[in-house]
Amino acid sequence: MKKRTAALAAVLGAVSGGALVKKVWLEKYRAQKEELADSNRERDLLYTWLLLEQKGANLGEYFAAHSFGTIGILGMNREGRRFYEALRDREAVSAAYAVELDNFSAVHEHMTVYRLGEDPLPPADCIVICDLARVPEKEEALRREFTGEIVTLAEVLAWLLEAHQVKPWDGAIRNWPGG
């Protein structure tokens, strides 16, 4: 009887250990898959942005067409800083402030950085989400604090592709940003 109990305990231990290993590997796989998707989104966005610049498109066109004079920028990462630099001193639109959701230590040399959920946001015509990861979650959090228009940087670039009639045969990524 003791041998059966010991054998049963060993089998149950092996099964539970195997389940734990499987769970750890699945979590690792999911994290790597998400990281790869983020990297692909960043590559496609930056490629599209470069293509639009080569075609003579101007970010300010989007904001002028939608009558946005002041904007906020959510996400002062690489894309957010590049976006700000592309608008600064060249456009009729003014980047009024920056917003961060996760990076509460973010600072910027030219703009006030507000903490979403911590600081009240000043008025602006629009906030552009320049983060590429977890965008729906960030948009939802932003909607609780901001009543104006909210767009993503990808939406701005997609609008410019359409406005300048840049097609896949011109170098555009087919079905971007949706595909």
Side-chain angles (χ1 to χ4, degrees), residues 32-103 106-114 116 121-143 145-179:
Q32 287 176 339
K33 186 176 177 182
E34 187 175 315
E35 190 176 305
L36 179 61
D38 290 346
S39 180
N40 286 340
R41 277 192 296 277
E42 179 182 33
R43 179 201 62 216
D44 291 349
L45 180 127
L46 293 175
Y47 171 81
T48 300
W49 201 343
L50 179 61
L51 177 64
L52 284 164
E53 285 179 350
Q54 290 171 340
K55 299 288 183 186
N58 182 326
L59 289 173
E61 295 173 42
Y62 175 87
F63 301 102
H66 292 84
S67 301
F68 297 144
T70 58
I71 62 169
I73 301 171
L74 186 138
M76 290 305 288
N77 52 21
R78 287 185 301 255
E79 294 81 14
R81 288 176 184 274
R82 186 176 191 285
F83 177 73
Y84 172 75
E85 291 298 323
L87 290 177
R88 190 175 76 156
D89 302 328
R90 295 183 199 102
E91 305 297 335
V93 66
S94 168
Y97 57 86
V99 183
E100 285 292 345
L101 176 63
D102 315 23
N103 187 2
V107 294
H108 193 271
E109 58 275 10
H110 301 292
M111 296 172 58
T112 302
V113 180
Y114 294 90
L116 192 58
L121 299 178
D125 296 326
C126 172
I127 291 185
V128 180
I129 300 175
C130 291
D131 282 344
L132 301 176
R134 302 180 2 254
V135 172
E137 172 188 326
K138 293 173 183 176
E139 184 176 357
E140 182 180 318
L142 191 54
R143 286 202 188 285
E145 305 286 327
F146 182 74
T147 58
E149 291 288 325
I150 299 170
V151 298
T152 65
L153 179 56
E155 290 171 339
V156 172
L157 297 179
W159 185 91
L160 287 168
L161 284 173
E162 185 69 28
H164 286 266
Q165 299 179 354
V166 180
K167 304 293 183 200
W169 51 84
D170 299 319
I173 298 168
R174 187 173 303 283
N175 299 323
W176 187 86

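In what follows, residues are counted from 1 in the order of the sequence shown.
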Just to verify, what does [X] make a side-chain contact (heavy atoms from CB on, under 4.5 Å) with, not counting sequence neighbours?
X: Ala141; answer: Leu101, Leu116, Arg144
X: Arg43; answer: Asn40
X: Ile173; answer: Asp44, Tyr47, Thr48, Trp176

If every non-hydrogen atom of [X] is compared with every non-hydrogen atom of [Y], which pair is closest and at what distance?
X: Gly60; Y: Leu87; value: N-CD2, 4.4 Å
X: Ala95; Y: Ile73; value: CB-CD1, 4.0 Å
X: Asp125; Y: Ser67; value: OD2-O, 4.2 Å

Would you call the rings of Tyr62 and Phe68 parallel, tilted or perpendicular if under 30° counts as parallel and over 60° as perpendicular?
tilted
Would you call the rings of Tyr114 and Tyr97 parallel, tilted or perpendicular if under 30° counts as parallel and over 60° as perpendicular?
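Rings of Tyr114 and Tyr97: perpendicular, over 60°.
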Decide yes or no on side chain to side chain contact (heavy atoms under 4.5 Å, CB included) for Val128 and Phe63, but give the supporting numbers first.
CA-CA 10 Å; Val128 180; Phe63 301 102; 3.7 Å; yes
How many angstroms lie between [atom1] in [X] and [atom2] in [Y], if you round to the nearest 0.5 Å?
X: Thr147; Y: Leu142; atom1: OG1; atom2: CG; value: 10.0 Å
X: Arg82; Y: Trp49; atom1: CZ; atom2: CH2; value: 4.5 Å
X: Ile71; Y: Tyr84; atom1: CD1; atom2: OH; value: 10.5 Å
X: Phe83; Y: Leu74; atom1: CZ; atom2: CG; value: 11.5 Å
X: Leu121; Y: Thr112; atom1: CG; atom2: OG1; value: 12.0 Å

Among residues at least two apart in sequence or on other chains, which ones pass salt bridge (Lys or Arg N to Asp or Glu O under 4.0 Å) with Glu139?
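By the salt bridge (Lys or Arg N to Asp or Glu O under 4.0 Å) rule, Glu139 matches Arg143.
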Among residues at least two apart in sequence or on other chains, which ones pass salt bridge (Lys or Arg N to Asp or Glu O under 4.0 Å) with Glu145?
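None.
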Would you list the atom pairs, donor with acceptor, under 3.5 Å between side chains in residues 129-137 and any protein atom, with sequence neighbours excluded?
unit_1	atom_1	unit_2	atom_2	d
Asp131	OD1	Asn77	ND2	2.7
Asp131	OD2	Lys138	NZ	3.0
Arg134	NE	Glu137	OE1	3.1
Arg134	NE	Glu137	OE2	3.4
Arg134	NH1	Asp102	OD2	3.0
Arg134	NH2	Asp102	OD2	2.8
Arg134	NH2	Glu137	OE2	3.1

Ring pair (Phe, Tyr, Trp, His ring centres under 6.0 Å) involving Phe146 - partner list, sequence neighbours excluded
none
Mind checking whether Gln54 and Leu51 have side chains closer than 4.5 Å, heavy atoms only?
yes
Could you tell me whether the side chain of Leu157 reaches within less than 4.5 Å of the side chain of Thr152, counting heavy atoms only?
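They are not in side-chain contact.
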Over 12 non-hydrogen atoms of neighbours within 6.0 angstrom of CZ in Arg78
no
Tell me, please, which residues at least two apart from Asp170 pass side chain to side chain donor-acceptor pair (under 3.5 Å).
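Counting only residues at least two positions away or on another chain, Asp170 forms no side chain to side chain donor-acceptor pair (under 3.5 Å).
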Run the side chain to side chain donor-acceptor pair (under 3.5 Å) test against Glu149 and tell me which residues pass, sequence neighbours left out.
none
Run the side-chain donor-acceptor check on residues 160-168: report pairs under 3.5 Å with partners two or more places apart or on a different chain.
unit_1	atom_1	unit_2	atom_2	d
His164	NE2	Glu61	OE1	2.7
His164	NE2	Glu61	OE2	3.1

Salt-bridge criterion met for Arg88 and Glu85 (N-O under 4.0 Å)
yes
